[in-house]
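Take a look at the structure set out below.
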There are 2 protein chains.
Amino acid sequence: MRLTNDDAGDSRSDLTTRARIRDAAIAVFAESGFTAGLRAIAAAAGVSPGLVNHHFGSKDGLRAECDKYVLDVIRRRKAEAIATPGPAQAMKDLAEIDEYAPLFAYIVRSFQAGDGLGESLFEQMVQDAEQYLEMGVASGQVRPSRDPAARARYLTLNNVGAMLLYMQMRMHRDTPIDYREAIRDFAGDLALPALELYSEGLFSDSSMLDAYLATEDVAAQSEDAETRQPDSTTEEQK
Amino acid sequence: MRLTNDDAGDSRSDLTTRARIRDAAIAVFAESGFTAGLRAIAAAAGVSPGLVNHHFGSKDGLRAECDKYVLDVIRRRKAEAIATPGPAQAMKDLAEIDEYAPLFAYIVRSFQAGDGLGESLFEQMVQDAEQYLEMGVASGQVRPSRDPAARARYLTLNNVGAMLLYMQMRMHRDTPIDYREAIRDFAGDLALPALELYSEGLFSDSSMLDAYLATEDVAAQSEDAETRQPDSTTEEQK
DNA sequence: CGCCGGATTAAACATGCGTTTAATGTATTG
DNA sequence: CAATACATTAAACGCATGTTTAATCCGGCG
């Protein structure tokens, strides 16, 4: 219903069949993956297979339009709630709303396919995470890092990767997957260990970290001194 | 009566055509994904397309045989080095050896496809992680957890998910991907933030964790309708 | 030798795909 | 009203896929 209105991009008046096909494509792609046939999409939209190509040129054109639209919805959603943590939280919010469930599923599928949309969203999330972590450090709630950018990327990679893997295995277990339930379970199962790790760490002392920092210092010094490449196979004990 | 003397036993000297096709299939699947055509596999093995079906019945049969073989290699590899952390580390070791690169790529692809092999390996890794963490706790290097099983699953989900996402984005950037280089970069980029997180945590205090434990206690109390506990610094048992 | 069974191949088959083409409907417009 | 432009459809095209079929090769065995 509310998805019908479209001001994404330059095309102005596709509030009709064109938008219906686009929404149907997003839904079908979300449920069956991007290997879904053009005929299935056409059937879901209630039109003939030829019409979708007449409107979007090709299947890739349709994909591109879907990506652009989803990205635009995310951007708009993000603008609506600036105070929120960013796309990561926005994605969770999205999945909590039935109306946006196919969008979430589409994004998950897009990540799994590894094409442009997922990567674009990921980079957004990394930047948002870095900014958000910086705010936490400023307010004293988050410990400072020796490399804030690397930490933001690491945390984003972990959280997004874990969620994708969780959704994927869940999806493989029972299809169709209920994303609301899946996200709730995801949070319920992992909240405690995540908070434990974030609050108390995993190691009882910092010997590992110290050792790594020491080797890094040594490496930096040896780089200044001479250009040597430490070929592996030096240490191999089991 | 057919005598399958090459069946996943000692694969060192099985130059039989059946094994050659299987290896070629693993290589092609690893490089091009499971959408790769049967003809491409046949060409890589130097045989005709019909022969692979003659040996394996169908493409699914070939897939099943590849999965079984890979799983068997992992199992054997794991048995060879019992003292090692388990499949997680074994997979990294595998990728470091050129010979096993296609196996690693096949496993990554299998995870992404979300079929049985990936899930089976994942559960193995969770169990190994739990056992390994328990050893760390016993030796005092790892902090105890309020829910060791959940922590093992959480850490495995994070690490495997992060690596898969990293490989996938890397794979999308430049194909074919050099897994040795990719894993080296992965470790290099994320070693510092990972060690920071594991050694020092992320939050500067435990207020978030305390709040969560408090709500959990409240929920538990409403179930038991019993006495309250004053603070959360003491360890809880589930 | 003869022949016979499995290995192997080339070719055909059926199907689904994305795409194209030509025709039909439909609405707006001059 | 007629004509023009666009939406829409049904059908066919070309291609790639997995699978099957029939024929050929080839080594072992009576």
message: Given 3.5 Å as the limit, does a donor-acceptor pair link the side chain of A:Asn158 with the main chain of A:Tyr154, or not?
response: yes
- prompt: Near DNA chain C, which residues from residues 42-51 of chain B have a heavy atom under 4.0 Å away?
  reply: B:Val47, B:Ser48, B:Gly50, B:Leu51
- request: Work out how much the helix from C:dC1-D:dG30 to C:dG30-D:dC1 bends between its end axes, five pairs an end, to the nearest 10 degrees.
  value: 30°
query: Taking it one step at a time, do B:Leu121 and B:Val70 satisfy side-chain contact (heavy atoms from CB on, under 4.5 Å)?
result: CA-CA 10 Å; B:Leu121 278 177; B:Val70 170; 5.6 Å; no
Report each atom pair, protein N/O against N/O of nucleotides 15-18 of chain C, whose distance is under 3.5 angstrom.
from: C:dG18; atom 1: OP1; to: A:Lys59; atom 2: NZ; distance (Å): 2.6
from: C:dG18; atom 1: OP2; to: A:Leu38; atom 2: N; distance (Å): 2.6
from: C:dG18; atom 1: N7; to: A:Arg39; atom 2: NH1; distance (Å): 2.8
from: C:dG18; atom 1: O6; to: A:Arg39; atom 2: NH2; distance (Å): 2.7

- prompt: Are side-chain heavy atoms of B:Asp67 and B:Asp115 found at a separation under 4.5 Å?
  reply: yes
query: Within less than 4.0 Å of OP1 or OP2 of C:dT8, is there a side-chain N or O belonging to B:His54?
result: no
query: Should the pair A:Tyr106 and A:Phe29 be assigned to parallel (<30°), tilted (30 to 60°) or perpendicular (>60°) ring geometry?
result: tilted
query: Nucleotide range of DNA chain D contacted by chain B, 5' to 3', under 4.0 Å to a heavy atom?
result: D:dT17 to D:dT20
field: Lys/Arg N to Asp/Glu carboxylate O, A:Arg170 vs B:Glu119, below 4.0 Å
entry: no
query: Nearest-Å distance, CZ (B:Arg18) to P (C:dG6)?
result: 14 Å
Check: protein-nucleotides 23-29 of chain C nitrogen or oxygen pairs below 3.5 Å:
none

Report all side-chain donor-acceptor pairs from residues 45-55 of chain B shorter than 3.5 Å, counting only partners two or more places apart or in another chain.
none

- prompt: Are the charged groups of B:Asp147 and B:Arg151 less than 4.0 angstrom apart, N to O?
  reply: no
query: Can you check whether B:Phe111's main-chain N or O pairs, donor with acceptor, with A:Gln168's side chain at less than 3.5 Å?
result: yes
task: Could you tell me the separation between the CD1 atom of B:Ile177 and the CE atom of B:Met169, rounded to the nearest 0.5 Å?
output: 11.0 Å
Within 45° cone of B:Phe56 ring axis and under 6.0 Å: B:Arg18 NZ or CZ: yes
- prompt: Quick check: does any side chain N or O of B:Thr156 sit under 3.5 Å from a backbone N or O of B:Ala152, one acting as donor and the other as acceptor?
  reply: yes
query: Would you call B:Leu164 and A:Leu164 a side-chain contact if the rule is heavy atoms closer than 4.5 Å?
result: no
message: Against A:Phe34, only a single residue in A:Gln112, A:Arg109, A:Lys59 fulfils side-chain contact (heavy atoms from CB on, under 4.5 Å); can you say which?
response: A:Arg109
task: For the residue pair B:Arg180 and B:Arg184, establish whether any side-chain heavy-atom pair is separated by less than 4.5 Å.
output: yes
query: Quick one: do A:Asp60 and A:Arg63 make a salt bridge, cutoff under 4.0 Å?
result: no
